[in-house]
There are 2 protein chains.
Amino acid sequence: MESHQLRKTPERFSILEEIYTRNDHFDAEELFEDLKNKAQNISRATVYNTLELLHSCDLIKKHQFGKNLAQYEKSYGHKQHDHIICVDCKKVVEFCDPRIQQIQSMMGELLNFKITHHSLNLYGICGTCQMQREKNQVSSSKIQVKR
Amino acid sequence: MESHQLRKTPERFSILEEIYTRNDHFDAEELFEDLKNKAQNISRATVYNTLELLHSCDLIKKHQFGKNLAQYEKSYGHKQHDHIICVDCKKVVEFCDPRIQQIQSMMGELLNFKITHHSLNLYGICGTCQMQREKNQVSSSKIQVKR
DNA sequence: TTGTGTGCAAAAGCTTTGCATGTTG
DNA sequence: CAACATGCAAAGCTTTTGCACACAA
């Protein structure tokens, strides 16, 4: 597993372990905080380095859900999936659809790309937030930029 | 067009005009530089504000192609499309596939989301960079993180 | 006139870097 | 022992904010 040309340091194992006990999406800072709370003395720089490293070995996946912040999740123990993100409450839901694989291989062939991975995000308003919006309908009719 | 609750200022018209004469993807800084070169005295803050504003009126689309930098493109004069990005040279190619619309409406219904838009990016190595890699094959067999 | 947009510079947030030290193979 | 990883703090980049001034409606 680690024999992808990289050294086995305690820091890397700690980080990998922490990631693989998590089941959700997280960012670098959250991971750093969690490790700190567990009395692991790992610096932010190492966290960033290692995330980059694990990402290039395909041990973790990296996402950008619209925000200007990279989020990660483990690669294994989870079947291939994509994401729906609520633009109001930022909730993320996962889904699968086999047609994406078809599109991916078809387009790769057509455009002569060796496709390694993809990212499909659907953005919209979840059920809960739809109700919220209906309730607030009476007030402001202006554009809602933030919440 | 602009009657989406917002004021018609010369700055906004300049920005919108600049965007709609472009046919490629651009980021906030590029747009700011272009406007400055055209002797338009528009500040960075206004560029960012206006991009956000145009985005929420759906006059422009916003992308995050892996980098930690938002890229934009105009919404009209261009049919709906998605992107393939070369992970080596960062080239972006556009493509269309009607199946994505199907996935989008199906998943929206299934998960009770009112989907407003989506983002599908395929990542891989373009033809040119594939050849590059073959040429360099003899040397380093290590992981290539940067180029 | 009045609320809103603008410019400027400073601040904030995420990520990367430089360098001295420590550790792996 | 040599190459590489780490920690720390500083720097870098993109984006946001505060405030005084200007302007559209």
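In what follows, chains are A, B, ... by sequence order, proteins preceding strands, each numbered from 1.
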Check nucleotides 10-14 of chain C against the protein and report each pair of N or O atoms closer than 3.5 Å, with its distance, or say if there are none.
none

Open item on the list: Are the side chains of A:E73 and A:Q71 in contact, using a 4.5 Å heavy-atom criterion?
Closed with: no
TODO: Please determine if a side-chain N or O atom of A:R44 lies less than 4.0 Å away from the OP1 or OP2 oxygen of D:dC8.
DONE: no
TODO: Find the distance B:F13:CZ to C:dT6:P and express it as a whole number of Å.
DONE: 12 Å
TODO: Give the B/S/- string for nucleotides 18-25 of chain D, one per nucleotide from 5' to 3', where a protein heavy atom under 4.0 Å of the base yields B, of only the sugar-phosphate yields S, and otherwise -.
DONE: -----BBS
- [ ] Round to a whole Å and report the spacing from CG of B:L35 to C1' of C:dG7.
- [x] 14 Å
Task: Between A:K74 and A:N23, a side-chain donor and acceptor under 3.5 Å - done: yes
Task: Whether over 12 other heavy atoms sit under 6.0 Å from B:E94 CD - done: yes
Open item on the list: Using whole Å, what does the distance between atom P of nucleotide D:dG7 and atom CD1 of A:I15 come to?
Closed with: 8 Å
With a 3.5 Å cut-off and sequence neighbours excluded, list the donor-acceptor pairs that the side chains of residues 109-116 of chain B form with protein atoms.
{"from": "B:T116", "atom 1": "OG1", "to": "A:Y123", "atom 2": "O", "distance (Å)": "3.2"}

- [ ] For the pair B:H25 and B:V92, evaluate side-chain contact (heavy atoms from CB on, under 4.5 Å) and give the outcome as yes or no after the intermediate values.
- [x] CA-CA 9 Å; B:H25 302 98; B:V92 176; 3.7 Å; yes
TODO: Starting at atom NZ of B:K67, determine the distance to atom C1' of D:dT14, rounded to an integer number of angstrom.
DONE: 13 Å
- [ ] If the plane angle is over 60° it's perpendicular, under 30° parallel, otherwise tilted; pick one for B:F65 and B:H63.
- [x] parallel
Open item on the list: Reading DNA chain C from 5' onward, which residue's closest nucleotide shows up sooner: A:K62 or B:T46?
Closed with: B:T46
Open item on the list: Less than 4.0 angstrom between a side-chain N/O of A:S43 and OP1 or OP2 of D:dT6, yes or no?
Closed with: no
Open item on the list: Does anything in residues 54-63 of chain A form a salt bridge (Lys or Arg N to Asp or Glu O under 4.0 Å)? List the pairs, not counting sequence neighbours.
Closed with: none
- [ ] Please report how far the helix from C:dT1-D:dA25 to C:dG25-D:dC1 bends, comparing the axis fitted to its first five pairs with the axis fitted to its last five, to the nearest 10 degrees.
- [x] 40°
Task: Basic-acidic side-chain contact under 4.0 Å: B:R99, A:D97 - done: no
Open item on the list: Quick check on the hydrophobic clustering: are B:L31 and B:L16 connected, directly or via other members, by side-chain heavy-atom contacts under 4.5 Å?
Closed with: yes
TODO: Salt-bridge test for B:R133 and B:D88: reply yes if a basic N is under 4.0 Å from a carboxylate O, no otherwise.
DONE: yes
Open item on the list: Distance check needed: C:dT16 C1' versus A:F32 CZ, whole Å only.
Closed with: 15 Å
TODO: Would you kindly compare B:Y72 and A:V47 by the position of their nearest DNA chain D nucleotide and give the one closer to the 5′ end?
DONE: A:V47
Task: Residues forming a side chain to side chain donor-acceptor pair (under 3.5 Å) with B:R44, sequence neighbours excluded - done: B:E29
Task: Whole-Å distance separating the CG atom of A:N49 from the P atom of D:dC4 - done: 14 Å
